[in-house]
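In this chain, residues are counted from 1 in sequence order.
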Amino acid sequence: MPQVRPTHIDLASILAEPNPSVDLRLHAYEASTSNFLRAVTNYANRAVAEITKHRNVQEADKKRLVEKTVAVKAETNQCKVKEIELLAVMEREKEELREAETSITALKRQLASIRETCQSVDAEIEQYRALTANLKREKDRERQTLEMHAAQTGPELNACETRLRCHIEGIEKDRLLIRFTHIDKTDIDREFSFVLDVASRSNQVITTTPPLPNLPILLNELNETRDIFRFIKLMRSAFVQLVE
């Protein structure tokens, strides 16, 4: 901006002129003033723009801080929710652990009881094995005795069957079926039979074909003498007398 230099005024010379006047140079003053005002306006505009820029930056920073604060609060709330969920999960796991420990303790007690039971059962099994072995030995001795008796009575039984024209067979446990033929002269193949029960000391005749009226007398004699071969002979004689 051009500077206006002050002018020295000779007042006496001016007053000596016929039409005295002073050149105030108003045009230069106005130009200078206009330049000054324009400079002030430009400065103010730059200042306002700079202030506005800083304000916008501050507003943007403030907005980012608010958004970041909101995000941090939301994340904190989520973390708190997750923490509560994790605590609940940990509590459930602790409860499940306590239940599992209780179950394991109960299972250990059951296992100990089962082991004791197994030991007791093993002991009983050993006792049963020993008892079974003893029974087997007794059965073997009984079988040997029976085989010996069978060997001794076999010939007698064959002779009895041949002489008395009868057939003797076991039909059930401790029961004998005795069948006779050659009794009825009109039909020598006709069978006369009876079933003898020898399960107890008091022998019994379960059935006879045909029935014999004097059967009780014959049974009494059998139970007194214990002679089964004689009883078979007497039964044949009774059937013979029945058909004559």
Tell me whether [Y] is reachable from [X] by hopping between hydrophobic residues (I, L, V, M, F, W, Y) whose side-chain heavy atoms are closer than 4.5 Å.
X	Y	answer
Ile217	Leu234	no
Ile206	Ile232	no
Val195	Leu242	no
Phe231	Leu177	no

Interatomic distance, [X] atom [atom1] to [Y] atom [atom2] [nearest 0.5 angstrom]:
X	Y	atom1	atom2	result
Asn45	Arg38	CG	CZ	12.5 Å
Ile84	Cys79	CD1	SG	11.5 Å
Glu221	Asn214	CD	CG	10.5 Å

Test side-chain contact (heavy atoms from CB on, under 4.5 Å) applied to Val70 - qualifying residues, sequence neighbours left out: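 Residues passing side-chain contact (heavy atoms from CB on, under 4.5 Å) with Val70: Val66.
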side-chain contact (heavy atoms from CB on, under 4.5 Å) against Arg115, all qualifying residues, sequence neighbours excluded: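 So Arg115 forms a side-chain contact (heavy atoms from CB on, under 4.5 Å) with Leu111.
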For a quick test of reading the model, state the closest non-hydrogen atom pair linking [X] to [Y] and the distance between them.
X	Y	answer
Cys166	Phe180	CB-CD2, 3.4 Å
Pro213	Pro211	CD-O, 3.9 Å
Phe239	Pro210	CE2-O, 3.4 Å

For Gln58, side chain to side chain donor-acceptor pair (under 3.5 Å) partners two or more places apart: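 So Gln58 forms no side chain to side chain donor-acceptor pair (under 3.5 Å) with any residue.
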Side chain to side chain donor-acceptor pair (under 3.5 Å) involving Glu50 - partner list, sequence neighbours excluded: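 Residues passing side chain to side chain donor-acceptor pair (under 3.5 Å) with Glu50: His54.
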With a 4.5 Å limit on heavy-atom distance, are the side chains of [X] and [Y] in contact?
X	Y	answer
Met235	Ile178	no
Leu176	Phe194	no
Ser34	Glu30	no
Glu99	Thr102	no
Val205	Leu218	no
Lys108	Ile104	yes

Listing, residues 120-132 side-chain donor-acceptor contacts under 3.5 Å, not counting sequence neighbours, or none:
residue: Glu126; atom: OE2; partner: Arg129; partner atom: NH1; Å: 3.1
residue: Thr132; atom: OG1; partner: Tyr128; partner atom: O; Å: 2.6

Taking only residues two or more places apart in sequence, or in another chain, which ones meet [X] in a salt bridge (charged side-chain N to carboxylate O under 4.0 Å, His left out)?
X	answer
Arg179	Glu169, Glu191
Glu101	none
Arg226	none

Pairs touching residues 193-209 that satisfy side-chain hydrogen bond (donor to acceptor under 3.5 Å, both in side chains), sequence neighbours left out: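 Checked against side-chain hydrogen bond (donor to acceptor under 3.5 Å, both in side chains) - neighbours excluded - no pair reaches residues 193-209.
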side-chain hydrogen bond (donor to acceptor under 3.5 Å, both in side chains): pairs with one or both residues in residues 72-83, sequence neighbours excluded: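 Of all non-adjacent pairs touching residues 72-83, none passes side-chain hydrogen bond (donor to acceptor under 3.5 Å, both in side chains).
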Do any side-chain atoms of residues 86-96 form donor-acceptor pairs under 3.5 angstrom with protein atoms, and if so which ones, sequence neighbours left out?
residue: Glu95; atom: OE1; partner: Arg98; partner atom: NE; Å: 3.4
residue: Glu95; atom: OE1; partner: Arg98; partner atom: NH2; Å: 2.5

For residues 183-190, which side-chain donor-acceptor pairs fall under 3.5 Å, sequence neighbours excluded?
residue: Asp184; atom: OD1; partner: Thr186; partner atom: N; Å: 3.1
residue: Asp184; atom: OD1; partner: Thr186; partner atom: OG1; Å: 2.6
residue: Asp184; atom: OD2; partner: Thr186; partner atom: OG1; Å: 3.2
residue: Asp184; atom: OD2; partner: Arg190; partner atom: NH1; Å: 3.2
residue: Asp187; atom: OD1; partner: Asp189; partner atom: N; Å: 3.4

